[in-house]
Structures are given as C-alpha cells and as structure tokens.
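What's counted below: heavy atoms across the whole structure, side chains too, no hydrogens, waters or symmetry copies. Reminder, nothing fancy here: chain letters follow the sequence lines and each chain counts from 1. Quick caveat: nothing in here was measured; it's all calculated off a predicted structure.
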Amino acid sequence: MGEQVMAATRVRFAPSPTGYLHIGGARTALFNWLYARHTGGVFVLRIEDTDAARNSLEATEVILSGLRWLGLDWDEGPVSPDAATSGKGDYGPYFQSQRGEIYKRRIAELKDKGLAYEAEGAIKFRMPREPIVIPDLVVGDVRRELTDREALEPDFVIVRSDGQPVFHLVNVIDDLEMKITHVIRGEDHLTNTAKHIALFRAFGVEPPKYAHIPLILNPNGSKMSKRDVGASLQTYVDEGCVPEAVVNYLCLLGWSPKENREKLALADTVKLFDLPQVLRHNARFDLDKLRWLEAEYLRELPEDRFCQLGEQALRKAGVDLTRFSPEYIHAALATCKGKIKRFADLAGYAGFYFAQEIVIPAEAAVEFTPEALARLRKFREALAALPEFKAAAIEAALKAVAVALGVKAGLLVHPTRLAVTGATAGPSLYHLLEVLSKESVLRRIDAVLARG
RNA sequence: GACCCUAUCGUCUAGCGGUUAGGACACUGCCCUUUCACGGCGGUGGCACGGGUUCGAUUCCCGUUAGGGUCGCCA
C-alpha cells in the first residue's frame, strides 16, 4: 500500500501588471491568502506579464507594494518587480515572460497528442463538443453548454500567429506546473473554466479545485472599472487609510463571519474563513461602510502608531513641520486621536497647531461680538496669570471666569476656540491650549482682540 | 443572439419550512457633552414577481423579470 502524503494546499494570485491594483483583485488576493493561511498551505504570487507591450517594472511594483501594504505576504513568487531576478520558491520563474520554454514544451505535447493544430498561423486547441461540468466550491456544479458562436467553432486559439501563447493556455500550464490545488478567482472566469478543464485533461491531469468568488460592483450595480471611485487600491494608500481597515472591509464583501460580527482582526478571519461560506452574489462597494471601519480602526490605533501615521499624513498634505519639535508634534497629534475619522482629514483638523497665523473665516467671525470680545479679554487675563499652563488649570480658570461673569462656559469656550484655531470644531479646548503653550495662545487671542 | 451565475431594508449581511424576519453602515429622534467625535436609548426601511410542493413558504422546485459575467490571435 502506497503511503498517501496529504498534499498541502497551494493557491495563487496571478495578476497582470496593468499599472494599478483593482480593489476586486486585491480581494481575490486576500481570499487566496486567507485560504492558504487557514489551511496551512502555500500562497503563490505569479505575474502574468505575457503582454510585453503594456508591462513594466513600475506596473509590477504597484502589485507587490499593494499586497505588502495590505499585509498579504506570499510564500512563493517574485522578490522584486524585475522579471530578470529569480524569485523565492521551487516552481519558478514566477513571471510568465520568463516561462517561454515551458510553454513551448507543453504546446509540443498537445500537438503530439493531436489535440492542437495549426490554423492560419496560429495554433488552436481541439475543444470537446460535449458540455463540461465545472465543479465549483462556491457555486456548485455548473454544466457549461457551448454558446451559439462556440457551436460554430468550438476550437480556440492557444498560440497567436505572432507566437505568443494566450492567457487560457499559460494560465493552465502554470497552475499545472506550479501544482496549484485550488484556483480561487473572480466569477468573471467561471464560464471560461470549461476551457481550462479541457486543457488540464488534454495534459492528462485532473484540474484543480475551483472557487469562483462574486464580483465587486459599483454602488449603482455596474461593473467597477479603473476609473470608478475606489477602484484602485492606490487611492487608499495615498489617502493614508489604515490597511487593516481596508482588509477588514474587503473580507466582508462576499464573505460573512456570521454571528453579526463586522469588525474582526485578521487572525480571527484566518481561523473562520473557508470557501463554502463564500457568498454567491455580487456585492456593491459601499464607501460609507469602509469609512466607518476606517474610523473604528483609527480610534483604536496605539498612540505611537497614530502619531507616526498622522505625521506622515500631515507631511503629505503639505504641512510644514520643520519648525516644530517631535515632542510638540506628538503632543498635538495626541489630542486628535479618537476625534478624526480619517488621516485625510487631519491637516484640516489639526493644521492650526502648525500655522504661523490663524485665519478666521468671515462667516465664523460674526461670533466676535463686542460682548464676546470682552469675555475673551477677561479669559485672556486669567490665562496670562496662570502659573502652570496645564489643561486642568486652564479648565479651572475658564470655569472661574465664567462664574465671575455669570455666563455659561460655552460662551468662553467658543470664541476662544475660534480665536486660537480658526475653527468651530476641534480637539478638546483645554488640551489644545496646553499644547500650543501660553505664549502662542496669548498671541493668537491678542491678534483677535487687536482687530477689535 | 447563445451560454453561465445571482436575487432578504438604500448598501453589506444573518436566516437554511413555523421568527414580532436579526445585526452593521447610511439616514433620523432623544440623552450625554466645552465644539467635534465617541457612547447610550429609540425610529424609518426588506424577503423582485407569478405559479407550484406543503397543514404551513423568505427558506424547496419551475417560470418571468432584473442585475452581473462569458462567448477575442485581451488578461
């Protein structure tokens, strides 16, 4: 009796370098990665750069950096975007542009078997005329009949007249050679899978297991393409999104952890994720829900990481931080944690900390009535007299002035905030005043009092 | 045109023959509060339609409709 060695799961993500990583592609990568990690298998990254004209180093780098940003590490595949460098893993090369010899050998094999033939300079594959059943782990058995056009000519081109093998062929050869056990990909590939199954059989091997996952659609239900809002992963990177939030959101499109769970750590998803629970219907992309998750993750970020990412976001937004100490920047950002919903909002929210001069919008300046300015002057005096410029002391001073004037604290809070930050909303007033320092606060208040 | 997949609040979803059809986002009312945000308590809103099967269908079957995908010498 031969010993049966349990073969490890081998899945792959096989993107074509087009210059951007589609959000749907990112989710396909994620589901593959999740399945590999869930089963203790291997996640392979393969670059399908057959179309030499439109591939480039930069286009491949977009994919590698996108996956890294999401935290999806691959066990086999390229280590650099340069196809000339060898990747990691025993089944390379992992760039299709480097696998020409393998394809040649396999094409010859098909010809030898009489399953492929020349036609007008190209090579065609003899496709079976009978319906093919596609066993799909998500959809179930799909019996694929020939369409009317296919019935006219069931055979299809596998090598172009210029000698280049086409997607269907190389995809199958690579999956075969790389010993892929599960093909997890978008549902747009479902009907073409009949071709792939026929090809596998032509090579004399059983096809891998298939799992076709539903597509991500625009909010209006149309297909999400390059130009659509949110379609490119890069926009999330550029906006300073928290990658964990994006990953969490992507998990929720087309898969459900059940039990009414929405927010879940990747480690939990790895435990829970499995193919049979993948949904069968397409999902529409909901930016609002992504934003909500983002805000949730942002709020829970450890302070150090929040400040680090926040500083990045400020720099990206063009805020000049060179005049400020790391301690000041850290203290300023710390007052924003738990308040902002996304880093893209940070410059607008905390820019006053780093501004030379506070500009007060005309529509807000109407708040500075003579009475308000008089109260502000009183509070300014109280602040000037403070021996220690700390939040608690500032709050006590403000409350005391309010009592003395017989007004609600809010009547002091609002004009002060406006004078010092130029905004009607922002971090806790007492804390932001402390961070700004007495000198800076008094200067800003004086500027308002001076204009009268 | 043909072939394939799908169908629960606006959106993401739970449900797998008997439920007041549950949750989340969004919207909204109230409370909390120095602003904003958070948080707490409510509210609006859904089984696409028509036939079956069944004592009983959101749930099973068929059809219709709608949406999506595919049928390339694109990937």
Side-chain angles (χ1 to χ4, degrees), chain A residues 14-18 25 48-51 53-55 96 119-124 131 134 136 138-140 142-154 156-168 170-171 186-195 212 214-217 219-223 249 251-263 279-293 295-296 298-299 336-341 345 349 395 398-399 402 408-414 416-418 421 423-432:
Chain A
S16 177
T18 58
E48 305 219 333
D49 56 344
T50 52
D51 191 349
R54 59 187 234 198
N55 295 311
Q96 286 187 333
E120 295 166 47
I123 299 176
K124 282 185 152 186
I134 304 160
D136 191 280
V138 172
V139 185
V142 176
R143 183 187 159 90
R144 170 67 154 79
E145 310 257 0
L146 295 179
T147 66
D148 52 0
R149 287 185 196 183
E150 289 168 336
L152 254 37
E153 173 51 14
F156 60 94
V157 170
I158 52 175
V159 181
R160 293 181 235 160
S161 50
D162 66 1
Q164 282 297 312
V166 306
F167 162 76
H168 298 300
V170 296
N171 193 265
E187 196 213 274
D188 48 342
H189 289 291
L190 180 56
T191 50
N192 278 152
T193 301
K195 289 185 173 121
H212 287 92
L215 270 20
I216 299 178
L217 271 27
N220 68 9
S222 64
K223 186 181 182 179
Y249 178 68
C251 288
L252 262 25
L253 284 184
W255 175 79
S256 168
K258 319 279 183 187
E259 300 171 341
N260 292 333
R261 295 230 266 160
E262 307 283 338
K263 221 166 58 175
L279 279 310
R280 281 140 303 229
H281 58 271
N282 295 343
R284 298 184 190 202
F285 186 77
D286 183 3
L287 195 58
D288 282 334
K289 190 148 184 176
L290 206 205
R291 296 265 189 255
W292 167 73
L293 267 171
E296 291 285 311
L298 207 61
R299 201 173 299 120
C336 302
K337 184 164 146 47
K339 308 283 280 182
I340 59 165
K341 295 189 162 198
D345 297 337
Y349 190 81
E395 179 171 3
L398 184 137
K399 298 252 163 86
K408 284 183 169 181
L411 285 178
L412 286 174
V413 169
H414 301 308
T416 305
R417 175 186 299 285
L418 185 58
T421 71
T424 53
S428 159
L429 180 71
Y430 312 120
H431 293 87
L432 77 85

Asker: Assess the residue pair A/N192 and A/H168 against the criterion (side chain to side chain contact (heavy atoms under 4.5 Å, CB included)); give the C-alpha distance rounded to whole Å, side-chain angles, the decisive distance to 0.1 Å, and a yes or no.
Answerer: CA-CA 8 Å; A/N192 278 152; A/H168 298 300; 3.6 Å; yes
Asker: Whole Å only: how far is the CG atom of A/N220 from the C1' atom of B/U11?
Answerer: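 In whole Å, B/U11 C1' and A/N220 CG are 12 Å from each other.
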Asker: Students often get this wrong, so: under 4.0 angstrom with heavy atoms, is A/G410 touching a base, only sugar-phosphate, or nothing?
Answerer: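 No contact.
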Asker: Can you list everything that forms a ring-ring contact (aromatic ring centres under 6.0 Å, His included) with A/H414? Sequence neighbours excluded, please.
Answerer: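 Applying ring-ring contact (aromatic ring centres under 6.0 Å, His included) to A/H414 gives none.
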Asker: Just to verify, what does A/R144 make a salt bridge (charged side-chain N to carboxylate O under 4.0 Å, His left out) with, not counting sequence neighbours?
Answerer: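 Partners of A/R144 under the salt bridge (charged side-chain N to carboxylate O under 4.0 Å, His left out) test: A/E150.
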Asker: If we take the C1' atom in both B/U58 and B/A21, what is their distance in whole Å?
Answerer: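 These two C1' atoms come out 8 Å apart once rounded.
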Asker: Does B/C71 have OP1 or OP2 under 4.0 Å away from a side-chain N or O of A/N192?
Answerer: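 For B/C71, OP1/OP2 do have a side-chain N/O of A/N192 under 4.0 Å.
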Asker: For the side chain of A/T416 and the base of B/U34, is some donor closer than 3.5 Å to an acceptor across the two?
Answerer: no
Asker: Is the base of B/A14 touched by the side chain of A/K258 through a donor-acceptor pair closer than 3.5 angstrom?
Answerer: no
Asker: Which whole number of Å gives the distance between the P atom of B/G29 and that of B/C36?
Answerer: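 Result for the P pair: 14 Å, nearest Å.
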Asker: In Å, rounded to the nearest 0.5 Å, how long is the span from OG of A/S16 to CD of A/Q96?
Answerer: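 Rounded to the nearest 0.5 Å, the OG-CD separation comes out at 8.5 Å.
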Asker: Could you tell me whether A/K408 contacts a base, only the sugar-phosphate backbone, or nothing, with contacts defined as non-hydrogen atoms closer than 4.0 Å?
Answerer: nothing
Asker: Who is the Watson-Crick or G-U wobble partner of B/G10, with both distances under 3.5 Å?
Answerer: B/C25
Asker: Remember a base hit wins even if backbone is also touched, and classify A/P427 as base, sugar-phosphate or nothing at under 4.0 Å, heavy atoms.
Answerer: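 The answer is base, as A/P427 lies within the cut-off (heavy atoms under 4.0 Å) of a base atom.
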Asker: Classify the nucleic acid contact of A/H168 as base, sugar-phosphate or nothing, counting any heavy atom under 4.0 Å across all strands shown.
Answerer: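 It contacts base atoms.
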Asker: Among the nucleotides B/C73, B/A75, B/G22, which one has an atom lying closest to any side-chain atom of A/N260?
Answerer: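 That would be B/G22.
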Asker: Side-chain N or O of A/T50 less than 4.0 angstrom from OP1 or OP2 on B/A75?
Answerer: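 Yes, because at least one side-chain N or O of A/T50 sits under 4.0 Å from OP1 or OP2 of B/A75.
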Asker: In Å and rounded to the nearest 0.5 Å, what is the CD to OG1 distance from A/E187 to A/T193?
Answerer: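 A/E187 atom CD to A/T193 atom OG1 measures 10.0 Å (nearest 0.5 Å).
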Asker: On a whole-Å scale, what distance lies between the C1' atoms belonging to B/U11 and B/G67?
Answerer: 15 Å
Asker: So, taking the atom named CZ in A/F167 and the one named NE2 in A/H189, what distance separates them when rounded to the nearest 0.5 Å?
Answerer: 4.5 Å
Asker: Between B/C4 and B/U8, how far apart are the C1' atoms? Round to whole Å, please.
Answerer: 24 Å
Asker: Given B/G23, B/C73, B/U34, identify the nucleotide with an atom nearest to the side chain of A/V413.
Answerer: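 Among B/G23, B/C73, B/U34, the one nearest the side chain of A/V413 is B/U34.
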Asker: Side chain of A/E296 only, heavy atoms from C-beta on: which candidate in B/G39, B/U35, B/G72 is closest?
Answerer: B/G39
Asker: Assign A/E395 to base, sugar-phosphate, or nothing according to its heavy-atom contacts below 4.0 angstrom with the strands shown.
Answerer: nothing
Asker: Using the C1' atom on both, measure B/A14 against B/U28 and round to a whole Å.
Answerer: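 Roughly 24 Å separates the two C1' atoms.
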Asker: Name the nucleic acid region contacted by A/L429, choosing base, sugar-phosphate or nothing; use a 4.0 angstrom heavy-atom cut-off, strictly under.
Answerer: base
Asker: Between A/G254 and A/R299, just flag the one whose closest nucleotide in RNA chain B comes earlier from the 5' side.
Answerer: A/G254
Asker: Would you check, one step at a time, whether the test side chain to side chain contact (heavy atoms under 4.5 Å, CB included) holds for A/L293 with A/E262?
Answerer: CA-CA 9 Å; A/L293 267 171; A/E262 307 283 338; 5.6 Å; no
Asker: In the strands shown, is B/A2 matched to any nucleotide by a Watson-Crick or G-U wobble pair with both distances under 3.5 Å, and which?
Answerer: B/U70
Asker: If the P atom of B/G23 is compared with that of B/G43, how far apart are they to the nearest Å?
Answerer: 10 Å
Asker: Any idea which of B/C73, B/G1, B/U34 is nearest the A/H414 side chain?
Answerer: B/U34
Asker: Measure from the side-chain heavy atoms of A/E150 and tell me the nearest of B/U35, B/G1, B/C71.
Answerer: B/C71
Asker: From the list B/G68, B/C12, B/C36, which nucleotide is the closest neighbour of the side chain of A/L217?
Answerer: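 Out of B/G68, B/C12, B/C36, the nucleotide with an atom closest to A/L217's side chain is B/G68.
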Asker: Determine the Euclidean distance between corresponding P atoms of B/U53 and B/U59; express it in Å to zero decimal places.
Answerer: 15 Å
Asker: What is the base-pairing partner of B/A48, counting Watson-Crick and G-U wobble geometry with both distances under 3.5 Å?
Answerer: B/U64
Asker: Select base, sugar-phosphate, or nothing to describe what A/Y430 touches, counting heavy atoms under 4.0 Å on all strands.
Answerer: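 A/Y430: base contact, heavy atoms under 4.0 Å.
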Asker: Considering Watson-Crick and G-U wobble pairs with both distances under 3.5 Å, what does B/U54 pair with?
Answerer: none
Asker: Does NZ or CZ of A/K339 come closer than 6.0 Å to the centre of the six-membered ring of A/Y349, within 45° of the ring's axis?
Answerer: no
Asker: Does A/L279 reach a base, just sugar-phosphate, or nothing at all? Heavy atoms under 4.0 Å.
Answerer: sugar-phosphate
Asker: Rounded to whole Å, how long is the line connecting atom CZ of A/R291 with atom C1' of B/C27?
Answerer: 18 Å
Asker: To the nearest 0.5 Å, how far apart are CG in A/L411 and OG1 in A/T416?
Answerer: 10.5 Å
Asker: Using a distance-only criterion (donor-acceptor N/O pair, under 3.5 Å, no hydrogens), is the base of B/G23 paired with the side chain of A/E259?
Answerer: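 By the distance-only test, no, there is no pair.
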Asker: Categorize A/K341 for me: base, sugar-phosphate, or nothing, with a 4.0 angstrom heavy-atom threshold over every strand shown.
Answerer: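 Sugar-phosphate, backbone atoms only, no base.
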Asker: Nearest to the side chain of A/S256 - B/C12, B/A14, B/U34?
Answerer: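 Looking only at side-chain atoms, A/S256 lies closest to B/A14.
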Asker: A/W292 CH2 to B/A26 C1': how many Å, rounded?
Answerer: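 For the pair A/W292 CH2 and B/A26 C1', the rounded distance is 12 Å.
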Asker: Could you please spell out the steps behind the salt bridge (charged side-chain N to carboxylate O under 4.0 Å, His left out) verdict for A/E395 and A/K399?
Answerer: CA-CA 6 Å; A/E395 179 171 3; A/K399 298 252 163 86; 2.8 Å; yes
Asker: Can you check the distance between B/A7 and B/A48, where both ends of the measurement are the P atom (answer in whole Å)?
Answerer: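 10 Å, rounded to whole Å.
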Asker: So if I define the base as every atom that isn't primed, P, OP1 or OP2, how would nucleotides 4-10 of chain B read as a B/S/- string at a heavy-atom cutoff under 4.0 Å?
Answerer: SSSS---
Asker: Tell me: CD of A/E262 to P of B/G22, nearest whole Å?
Answerer: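 After rounding, the reported distance stands at 16 Å.
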Asker: Please work out if A/K195 contacts a base, only the sugar-phosphate, or nothing of the nucleic acid, heavy-atom cut-off 4.0 Å.
Answerer: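 Since only primed, P, OP1 and OP2 atoms lie under 4.0 Å of A/K195, the category is sugar-phosphate.
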Asker: How do A/L252 and A/I340 order along RNA chain B: which one's closest nucleotide is nearer the 5' end?
Answerer: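 Mapping each residue to its closest nucleotide by heavy atoms, the 5'-most match is A/L252.
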Asker: Report yes if a side-chain nitrogen or oxygen of A/R160 is closer than 4.0 Å to either non-bridging phosphate oxygen (OP1 or OP2) of B/C74; otherwise report no.
Answerer: yes
Asker: Just call it for A/F156: base, sugar-phosphate, or nothing, with non-hydrogen atoms closer than 4.0 Å on any strand.
Answerer: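 The residue A/F156 makes no contact with any strand.
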Asker: Can you say whether a donor on the side chain of A/K339 sits under 3.5 Å from an acceptor on the base of B/U35, or the other way round?
Answerer: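 Yes, a donor-acceptor pair under 3.5 Å.
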Asker: Could you check whether A/A122 gets within reach of a base, just the sugar-phosphate, or nothing at all, counting any heavy atom under 4.0 Å?
Answerer: base
Asker: Evaluate side chain to side chain contact (heavy atoms under 4.5 Å, CB included) for A/Y249 paired with A/L287, printing each intermediate quantity in order.
Answerer: CA-CA 10 Å; A/Y249 178 68; A/L287 195 58; over 6 Å; no
